[in-house]
Amino acid sequence: MANRQLSPLDHLVASADNALRTLAGKMTAAERESPAATVEGTALNDQERRHAAGLMRVNHSGEVCAQALYQGQSLTARLPRVRREMETAAAEEVDHLAWCEQRLQALDSHTSVLNPVWYTLSFGIGATAGLISDRLSLGFVAATEELVCQHLSHHLDDLPEQDLESRAVVSQMLTDEALHARKALEAGGLPFPPPAKKLMSLVSKVMTRASYRL
Ligand SMILES: [Fe+2]
Ligand SMILES: [Fe+2]
């Protein structure tokens, strides 16, 4: 069914369904195979494994936020075209979420207990941005994706050299997120001023530190 034919209640139900599946770790419907399946790294020692898991947990939390942000925006975006574009991007984020979940399991670790908090906050921000304007909403996507790209680049420097599986996942995510950022700006997103980006960066530092540990 075309998205514009859905009622507000349909959108709410779809959003609630997405929230539950995201937080329950049931996002297994990745369309693309995990890049981790294409490589084989050597064994990690305990310290390296814990560090890789901490970084992948941060990335997983980022993907939980992406789901929430896109869902919030699609609920309030005015133009059907913007709504459709956001839902396409959200679907692409499902791959990332599933890949991070799978990688955390392979590293014998867990997703962050704080994910419900991050989901709620991100959903609220996404919905509010969508209510204010579609251009702001798309601009927020672009600024967020740029920030995620910075994190992913740092993780490529920081992950254990021999953890080729995590590296493959992060590399593909970096490619995808850079494209999401570009598309959001091309679709009319407002470029965010440096002070706004700085504030977003400070908030994300708190979130990443907490998700790394918890
Ligand atoms: Fe993503
Ligand atoms: Fe993205």
Side-chain angles (χ1 to χ4, degrees), residues 15 18-19 21-23 25-37 54-75 77 82-104 111-112 114-115 118-119 121-123 125-127 129-130 134 136-156 158-159 165-192 197 200-201 203-204 207-208 211-212:
S15 292
N18 181 279
R21 282 188 296 126
T22 300
L23 296 172
K26 301 291 182 203
M27 276 295 181
T28 48
E31 284 192 4
R32 294 171 290 175
E33 184 182 37
S34 172
L55 296 178
M56 292 312 287
R57 186 160 39 252
V58 168
N59 293 332
H60 179 266
S61 286
E63 295 304 327
V64 167
C65 292
Q67 287 296 320
L69 186 62
Y70 282 114
Q71 286 294 323
Q73 285 173 326
S74 78
L75 197 65
V82 171
R83 226 182 227 180
R84 268 199 308 278
E85 273 181 35
M86 284 176 179
E87 282 176 358
T88 304
E92 289 170 2
E93 305 291 7
V94 171
D95 284 353
H96 300 168
L97 190 71
W99 298 345
C100 289
E101 270 173 28
Q102 289 159 10
R103 193 61 204 134
L104 278 169
T111 57
S112 174
L114 296 167
N115 284 342
W118 306 149
Y119 192 100
L121 288 174
S122 303
F123 188 92
I125 291 172
D134 285 339
L136 177 76
S137 173
L138 286 167
F140 193 75
V141 168
T144 305
E145 297 282 14
E146 283 169 17
L147 194 56
V148 171
C149 286
Q150 287 174 23
H151 281 282
L152 295 174
S153 296
H154 288 149
H155 287 187
L156 284 177
D158 209 10
L159 277 164
E165 291 89 343
S166 298
R167 290 179 162 277
V169 169
V170 171
S171 292
Q172 186 58 54
M173 281 168 58
L174 182 55
T175 303
D176 294 347
E177 312 299 17
L179 188 66
H180 292 167
R182 212 181 68 219
K183 275 188 171 172
L185 288 177
E186 283 171 4
L190 280 174
F192 273 28
K197 288 185 180 176
M200 287 170 67
S201 171
V203 172
S204 83
M207 293 169 73
T208 53
S211 276
Y212 181 88

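Just so you know, these numbers come straight off a predicted model, no measurement behind them. Order of appearance sets the numbers: ligands from 1, and atoms from 1 within every ligand.
- Identified under the salt bridge (charged side-chain N to carboxylate O under 4.0 Å, His left out) test for residues 66-75, with sequence neighbours left out: none.
- Remark: Asn59 CG to Cys100 SG distance equals 5.0 Å, nearest 0.5 Å.
- No side-chain heavy atom of Leu185 sits less than 4.5 Å from a side-chain heavy atom of Leu138.
- Residues meeting the ring-ring contact (aromatic ring centres under 6.0 Å, His included) test with His96, sequence neighbours left out: Trp99.
- Between the CZ atom of Arg103 and the CE atom of Met56 there is a distance of 7.0 Å, given to the nearest 0.5 Å.
- Annotation: protein N, O or S atoms under 2.8 Å of the Fe ion (ligand 1) (waters excluded) comprise Glu63 OE1, Glu63 OE2, Glu93 OE1, His96 ND1, Glu177 OE2.
- Take Leu156 and apply the side chain to side chain contact (heavy atoms under 4.5 Å, CB included) test, not counting sequence neighbours, and it matches Arg167, Val170, Ser171, Leu174.
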